[in-house]
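Chain A is the first sequence line, chain B the second, and so forth, proteins listed ahead of strands; every chain is numbered from 1.
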Amino acid sequence: MEVARLFATAVFAAVALTSLVVLGVQLVRLGKKGTTAAHVLGATFLLMGFGNFRDPTNELVQQAKQLKQREEDDDGDPPSGKENAAVRD
Amino acid sequence: MEPVDVSRPKLVWVISIVVGLMAASQVVVLSSLLLLGPSSPELRDIIASVPAFDWLTLYVLAGILFTSMVFLFRLRSRAVSWFAVYIGLGSWAALGYAIAPMNPPYFDELVSLGGLLVALGIFGYMLRLRKRQVLR
C-alpha cells in the first residue's frame with residue numbers, strides 16, 4: 001500500500017513539473033508576441049521583485065539568538081542524585 | 001468562408017454534463033458546509049481543521065473545471081487550455097497534500113491518482129477533438 005501511495009505521489013510530481021514546464025514555454029511564447037497582456041504580466045513579475053519577503057522585525061534571528069544564549073547559560077549536565085548524596089555525606 | 005457545422009459528439013455530451021455537474025455540486029456542497037454549518041460535531045471538527053487556503057483551492061479548482069466543461073459543451077477550443085490549467089493546479093495541490101506530514105481528511109492519494117488518470121484521458125480526448133477541428 002505504501003508503494004502505491006509513493007507511486008501516486010511520484011505521478012503527481014511528474015504531472016505538476018510537466019505543467020510548470022508547459023507554463024514556462026507558454027509564457028516565453030507570450031513574451032515573444034509582445035502583446036499588451038505580455039507587457040502587463042512582465043510588469044507584474046517586475047513589481048513582485050520589489051516586494052520585501054524578508055521578515056522586517058528579524059523575529060527569527062532574535063529567537064535564535066535567545067535560544068543560543070539560553071543554551072550557553074545552562075551549560076553542563078544537571079547534578080545527578082548520587083552526586084547530591086555524596087555531597088551531603 | 002462559411003463555418004462548417006459540426007455536430008456535438010455523444011461523448012462530449014456525457015463528459016461535459018457529468019463532469020460539469022460534478023464541479024457544480026462540489027461548489028454547492030462546499031458552500032452549504034460553510035454557510036449552513038455541519039450537521040455533526042465530528043464534521044465540524046474536520047471542517048475547522050481545513051485552512052482557508054485549502055477552501056480557496058477547492059473553490060478555484062471547481063470553478064476552473066466548470067468553466068472548462070462549459071467551453072467543451074459549446075465546442076470551444078479554449079476548453080483545452082482551461083482543462084490543462086485544472087490538471088496542472090490540481091496536481092500541484094495533490095502533490096502538496098501527498099507530501100504533507102498528515103493527509104487532510106478529504107484527500108487520499110489513490111483516489112486522487114484515479115481522478116488524475118481519468119482527467120488525463122479526458123484531456124487526450126479534447127486534444128483529439130481539437131486536432132480534428134471539432135473544437136474551434
N/O donor to acceptor pairs below 3.5 angstrom from side-chain atoms of residues 50-59 of chain B, sequence neighbours left out:
unit_1	atom_1	unit_2	atom_2	d
B/Asp54	OD2	B/Tyr106	OH	3.2
B/Thr57	OG1	B/Phe53	O	2.7
B/Tyr59	OH	B/Ser31	N	3.2
B/Tyr59	OH	B/Ser31	OG	2.7

Does the pair B/Ile99 and A/Phe12 meet the rule for a side chain to side chain contact (heavy atoms under 4.5 Å, CB included), with working shown?
-> CA-CA 10 Å; B/Ile99 60 175; A/Phe12 295 146; over 6 Å; no
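- Contact annotation: the side chain of A/Arg5 approaches that of B/Asp108 to within less than 4.5 Å [non-hydrogen atoms, C-beta and beyond].
- One hydrophobic cluster, built from ILVMFWY side chains closer than 4.5 Å, holds both B/Leu127 and B/Val12.
- Using non-hydrogen atoms only and a strict 4.5 Å limit, the part of residues 80-94 of chain B facing chain A consists of B/Ile87, B/Gly88, B/Ser91, B/Trp92, B/Ala94.
- Clustering ILVMFWY residues whenever any of their side-chain heavy atoms sit less than 4.5 angstrom apart, transitively, puts B/Leu21 in a cluster other than the one holding B/Phe71.
- Linking ILVMFWY residues whenever their side-chain heavy atoms come closer than 4.5 Å, directly or via other members, leaves B/Trp13 and B/Leu129 in distinct clusters.
- Other residues, nucleotides and ligands contribute over 12 non-hydrogen atoms within 6.0 Å of the OH atom of B/Tyr97.
- Tracing side-chain contacts under 4.5 Å through hydrophobic residues (I, L, V, M, F, W, Y), one never reaches B/Ile17 starting from B/Phe123; they form parts of separate clusters.
- Nearest heavy atom pair, residue A/Val15 against residue B/Leu120, reads CG2-CD1, 4.5 Å.
- Note on B/Leu61: it clusters hydrophobically with B/Val118, by side-chain heavy-atom contacts below 4.5 Å among ILVMFWY residues.
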